[in-house]
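Here's the structure we're looking at; comments come further down.
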Amino acid sequence: MLVLGIETSCDETGVALYDTERGLVADALYSQIEMHANYGGVVPELASRDHVRKLLPMIAQLLDEAGVDSSELQGIAYTHGPGLVGALLVGATLAHSLAEVWDIPVVGVHHMEGHLLAPMLEENAPRPPFVALLVSGGHTQLVAVKGLGQYELLGESLDDAAGEAFDKAAKMMELPYPGGPSVAKLAESGDRSRLKFPRPMTDRPGLDFSFSGLKTFTLNTVAEMSGENGLDERDKADICAAFEEAVAHTLMIKCRRALKQTGMKTLVLAGGVAANKRLRELMAEMVAKQKAELFYPRLKFCTDNGAMIAYVGALRLNGGERSDSIEVQPRMTLSDLSKIEAA
Ligand code: KG4
Ligand code: ZN
């Protein structure tokens, strides 16, 4: 089954073609980062308008470059939540319109399920059951994946998401948006051992996270170390390194605990923060000690993309799922999803 996937939940327009027989056929991405960088964060109304401008031409180009005629498509999948409501509506409306015109089925996909299953796009794919750490700009969740579509939430952030914490820390140091990659880049030249930042909630049992205390600690450190002209470059790099170290260690400690608690031997990292090299390094060391295995998507499929939506949509359409109406949900929980039926 050949499926067109559409992702427009935030500031990336992603499109892709996934075939249940052949795998990923083509994918393309347009990032609005430059446009939003001027405002220091995503401006929802600008995001929606830009999706309107980019989406249809990108689909036409994707089909053209892949040598696929629209008559060959057998289904369409789009992100129906969670995300920015206006941005989601652009993808949902176009997906339903095209499905009507082409007379093919259409299905809405949960954005976080896309992230969760993105590692399945790799040749060396994980097999459920596994523990997944979903770390993006809006979510920090530990999920037990018992099967496709069968998710149990083990823990989540009680306040800021890990990516959001990176973005806010970057803002405090006047680093460009999005903050994750900016902090990570500067951290490479920083001294990881000079400053020690707290590892929130790691001394208490449980699998929930909280990053607001770390945010305040970072803000105070920036204020204390700033001179008349702000922070000097070395101090900035050292703060970035200490901050990244604290987030990565916190996430690693909770993942180790989740593996022990569930008895599972496979860990999957997904979402934008899974692109972080230091996080991957610490996780690799930890799973080796636990005699477990680590999986993550290639870098471009860690952040938002159309391929993960085409993939999950193809599985769900293949299993007979359909969406009857244009409907988006800015908030949705993973555990409400239904099991994906084999075709
Ligand atoms: O999954 P994603 O593309 O979008 C959401 O669904 O939120 O994640 C974006 C988040 C941003 O907060 C960004 O700062 C963070 O992922 N991010 C990173 C890195 N690359 C992206 N955080 C830390 N290190 C990175 N290398
Ligand atoms: Zn995302």
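Atoms within a ligand are numbered from 1 in the order they appear, just like the ligands themselves. The figures here come from the full heavy-atom set of this structure, side chains too, leaving out hydrogens, waters and symmetry mates.
- The closest protein non-hydrogen atom to atom 24 (N) of ligand 1 is Asn276 ND2, 3.0 Å.
- Salt bridge annotation for Arg234-Asp191: absent, with no cationic side-chain nitrogen under 4.0 angstrom from a carboxylate oxygen.
- Taking distance alone, with nitrogen or oxygen atoms compared against 3.5 Å, Ala184 stays at or beyond that limit from ligand 1.
- Every atom of ligand 1 with a heavy atom of Gly163 under 4.0 Å away is listed here by number and element: 12 (O).
- Here His96 and Tyr78 bring their ring centres to under 6.0 angstrom of each other.
- Residues Glu281 and Lys277 are not paired through a salt bridge, judged by the lack of any N-O separation under 4.0 Å between the basic side chain and the carboxylate.
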Using the side chain to side chain donor-acceptor pair (under 3.5 Å) rule, take Glu7 and Ser9 through it: C-alpha gap first, then chi angles, then the decisive distance, then the call.
CA-CA 6 Å; Glu7 156 61 36; Ser9 67; 2.6 Å; yes
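- Put simply, CG on Leu175 and CZ on Phe166 are 12.0 Å apart, with the number rounded to the nearest 0.5 Å.
- At the shortest separation from atom 17 (N) of ligand 1 among protein heavy atoms lies Gly272 O, 3.6 Å.
- The shortest heavy-atom distance from His115 to ligand 1 is under 4.0 Å.
- Relative to the ring axis of Tyr177, Lys171 does not place its NZ or CZ within 45° and under 6.0 Å from the centre.
- Between Pro178 and ligand 1, no N or O atom pair is found at a separation short of 3.5 Å.
- Under a 4.0 angstrom heavy-atom cut-off, His111 registers as being in contact with ligand 1.
- When Asn305, Val273, Asp304 are checked for heavy-atom proximity to atom 4 (O) of ligand 1, Asp304 turns out nearest.
- The closest protein non-hydrogen atom to atom 11 (C) of ligand 1 is Asp167 OD2, 3.6 Å.
- Among the atoms of Thr303, none of the N or O lies under 3.5 angstrom from an N or O of ligand 1.
- Ligand 1 has at least one atom lying under 4.0 Å from a heavy atom of Gly138.
- A salt bridge links Arg194 with Asp235: the distance from a Lys NZ or Arg NE/NH1/NH2 to an Asp or Glu carboxylate oxygen falls below 4.0 Å.
- We find that Glu293 and Lys265 are not joined by a salt bridge, their nearest charged nitrogen and carboxylate oxygen being 4.0 Å or further apart.
- In this structure, Glu72 places its CD atom where more than 12 heavy-atom neighbours from other residues, nucleotides or ligands lie under 6.0 Å away.
- Only protein N, O or S atoms were scored, and 3 of them lie under 2.8 Å from the Zn ion (ligand 2).
- Using the six-membered ring where Trp is involved, Phe211 and Phe209 have ring planes that are parallel, under 30° apart on the 30 and 60° scheme.
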Trace of the side chain to side chain contact (heavy atoms under 4.5 Å, CB included) decision for Leu153 with Leu334
CA-CA 8 Å; Leu153 187 65; Leu334 267 177; over 6 Å; no
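- Nearest residue to atom 5 (C) of ligand 1 from Ser136, Gly114, Pro82 is Ser136 (criterion: closest heavy atom).
- Under the 4.0 Å criterion applied to side-chain N and carboxylate O atoms, Arg192 and Glu245 are assigned as salt-bridge partners.
- At a 3.5 angstrom cut-off on N or O pairs, Gly180 counts as close to ligand 1.
- Looking at Glu285 and Lys289, no side-chain N of the basic residue comes within less than 4.0 Å of a carboxylate O on the acidic one, giving no salt bridge.
- Here's the thing with Gly271: none of its N/O atoms is less than 3.5 angstrom from an N/O atom of ligand 1.
- Nearest protein heavy-atom contact of atom 10 (C) of ligand 1 is Gly137 N, 3.5 Å.
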